[in-house]
Amino acid sequence: MNRNPVSESRFARAALITIALLFLALFILLPLFAVFSEALKEGFDDFAEAVSTPDALAAIRLTLIVAAISVPLNMVFGVAASWAITKFDFRGKGFLITLIDLPFSVSPVVSGLIFVLLFGANGYLGPWLAEHDVRIIFAVPGIVLATVFITFPFVARELIPLMMEQGKEDEEAAISLGASGWQTFWHVTLPNIRWALLYGVLLCNARAMGEFGAVSVVSGHIRGITNTMPLHVEILYNEYDFVGAFAVASLLAGLALVTLVIKTVLEWRFNLHHAGARH
Amino acid sequence: MISVENIRKQFGGFAALGGVDLQIAKGEFVALLGPSGSGKTTLLRVIAGLEFQDSGVVRFDGEDVSDRPVAERGVGFVFQHYALFRHMKVADNVSFGLSVRKRGERPSARERRERADELLRLVHLEGLGDRYPAQLSGGQRQRVALARALAIQPQLLLLDEPFGALDAKVRKDLRRWLRELHSQMGLTSIFVTHDQEEALELADRVVVLNKGAIEQIGTPEQVYTQPATPFVASFVGENTVLPGGVHVRPHDLEITTDGGHAVVVDNVFRKGGVWRIEGMLQGTDTLVELDLDAAQAAPETGSTIHVRPIRASNFTG
């Protein structure tokens, strides 16, 4: 066996590995197994029935709609913010970077409340919105807003370190050769960041579909109308419909697993790509 | 002709360029030489239009181009780390400047490929057009970067530390080759370097910069043998400062038997055709370097010799 100066004794190594594996088994694998086994406890037919009730289908549809709006928005925002931060020097840059991290440091419930305070019936804009018959809180727009807020750091956080490392020489080379800003972005910047961008979008999507806290505050839990999948799981669970709750939950868990696989593949591709580009 | 007039540039509180004037004639090969922080790269980037001066004027053939962005100045810029587009094949890298042209002026894909192959032939990389940059060596990448810059037929070629990231042997070959290419294509070229040897070997004229100002402009011969300031004397070439502000090159010191400066020898080694003798000026901590014809006997380490300058620059008067 290879000895290297920083390696631990065989016993310490075995102990560390065992602790890590036990921990993972207890906190990740066991719950995951529980979700699927509970969902399928009464057989596949009950599972299929549970996920195809009108309310469940409405929750799935709403979750997909919310993700379909918020993920592209955050993709555009993330790229724009990273581009601004890494390619230009301007005042307040540090402040912008801090702001981008805000949703990570604020409790999701607070994030939801912010929107209730802004758009709710007693909020700043509430009366005006009521007058014009625009519903945001306890409606789909509120859910989208809360989701956008919660997920906006994901893309930018992936891109900023990479773009900082890449610097702006490539872009300068492109413009010195006569490329316009748009051509430079499309032909030079975007290919340089594509894997990190995909990765960020993937994480953003997973969170957008799985967000509970902030969405719960603004949703109002109207069955079939403002319930996303995570909210629907909670409702079913509170009504002692365990098969139904776990069936919908298993869809979310399945999404997490798919995300994990794609993430691993991306990481592998991304590193490969990265390694090839180093000199 | 390139004319730079009273260029000033600040970065925050740091004055990168403090009023620089420079004229460069058509066909010249000019080196901007200086230590890091001397403003040499900033000056190159201001000439290119990648950076804009706070005040002063840049003229190309008498025309004020100060407000023109890099794309409209017709310059080829070669970056220190090549800045090749890693996801594009070498040929696509080279023809990038042609493929981003407006629809009416853009050559067809076949013409672009032909032009790329032609340029790759020029830089001795024939047949490598279908590789990716990552599959090339450092020297090859540098030549791809050069071919790419030449594709837009620039009137002026600007190179930022073009050999900085290469090893010594490749660097030497590339230098000679670049010099040939420059004369063969009738280019006007400006390159930035911190390596005085490189500047002296390649350039028609050397511009020595320090702390955002020009210390001296001259031929390599002038800069080496008649340094205008103590900074130039010590930065360009090896140099010993004797008491009284006398700057002297190692090959301009001779060993005497009568008088001169006493030097305690602490190291002797062969340097090409000469002995390099290193010692301390007696009673001081001034390092003295001197070259002695290898045909003569080298002094012993620890012995005391007496030296006298044959030729020196004096900066006290």
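Everything numeric here is computed off the predicted structure, so don't read it as measured data. Letters go in sequence order (proteins before strands), and every chain restarts at 1.
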Trainee: In residues 53-73 of chain B, which residues are in contact with chain A at a heavy-atom separation under 4.5 Å?
Mentor: B:Val70, B:Ala71

Trainee: Which one of A:Ser180, A:Gly178, A:Ser176 has the most heavy-atom pairs closer than 4.5 Å to chain B?
Mentor: A:Ser176

Trainee: More than 12 heavy atoms of other residues, nucleotides or ligands under 6.0 Å from OH of A:Tyr124: is that the case?
Mentor: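 No.
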
Trainee: With a 4.5 angstrom heavy-atom cut-off, which part of A:Glu172 approaches chain B: side chain, backbone, both or neither?
Mentor: both

Trainee: Is the number of heavy atoms from other residues, nucleotides or ligands under 6.0 Å of B:Arg106 CZ greater than 12?
Mentor: yes

Trainee: If you compare all heavy atoms of A:Val188 against all heavy atoms of B:Phe85, which two are closest, and at what distance to 0.1 Å?
Mentor: CG2-CE2, 3.6 Å

Trainee: Under 4.5 Å heavy-atom distance to chain A, tell me which part of B:Leu98 shows up: side chain, backbone, both or neither.
Mentor: neither

Trainee: Does some side-chain heavy atom of A:Ile175 sit less than 4.5 Å from a side-chain heavy atom of B:Leu50?
Mentor: yes

Trainee: Using a cut-off of 6.0 Å, state whether more than 12 heavy atoms not belonging to A:Met75 lie near its atom CE.
Mentor: no

Trainee: State the CZ-OG1 distance between B:Phe96 and A:Thr184, to the nearest 0.5 angstrom.
Mentor: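 Answer for the CZ-OG1 pair, B:Phe96 versus A:Thr184, is 6.0 Å.
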
Trainee: So which heavy atom on A:Glu169 is nearest to which on B:Gln80, and how close?
Mentor: OE2-N, 3.8 Å

Trainee: Within the 4.5 Å heavy-atom criterion, are A:Gln166 and B:Arg86 side-chain neighbours or not?
Mentor: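 Answer yes - side chains close enough.
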
Trainee: B:His87 side chain to A:His187 main-chain N or O, any donor-acceptor pair under 3.5 Å?
Mentor: yes

Trainee: To the closest 0.5 Å, what do you measure between CZ (B:Phe79) and NZ (A:Lys168)?
Mentor: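 The CZ atom of B:Phe79 sits 11.5 Å away from the NZ atom of A:Lys168.
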
Trainee: Evaluate whether atom CZ of A:Phe95 has more than 12 neighbouring non-hydrogen atoms of other residues, nucleotides or ligands under 6.0 angstrom away.
Mentor: no

Trainee: Are there more than 12 heavy atoms of other residues, nucleotides or ligands under 6.0 Å from atom NZ of B:Lys172?
Mentor: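 It does not: B:Lys172 NZ has 12 such atoms or fewer within range.
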
Trainee: Are there residues of residues 143-156 of chain B that reach to under 4.5 Å of chain A by heavy atoms, and which ones?
Mentor: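 Residues of residues 143-156 of chain B touching chain A at under 4.5 Å: B:Arg148, B:Ala149, B:Ile152.
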
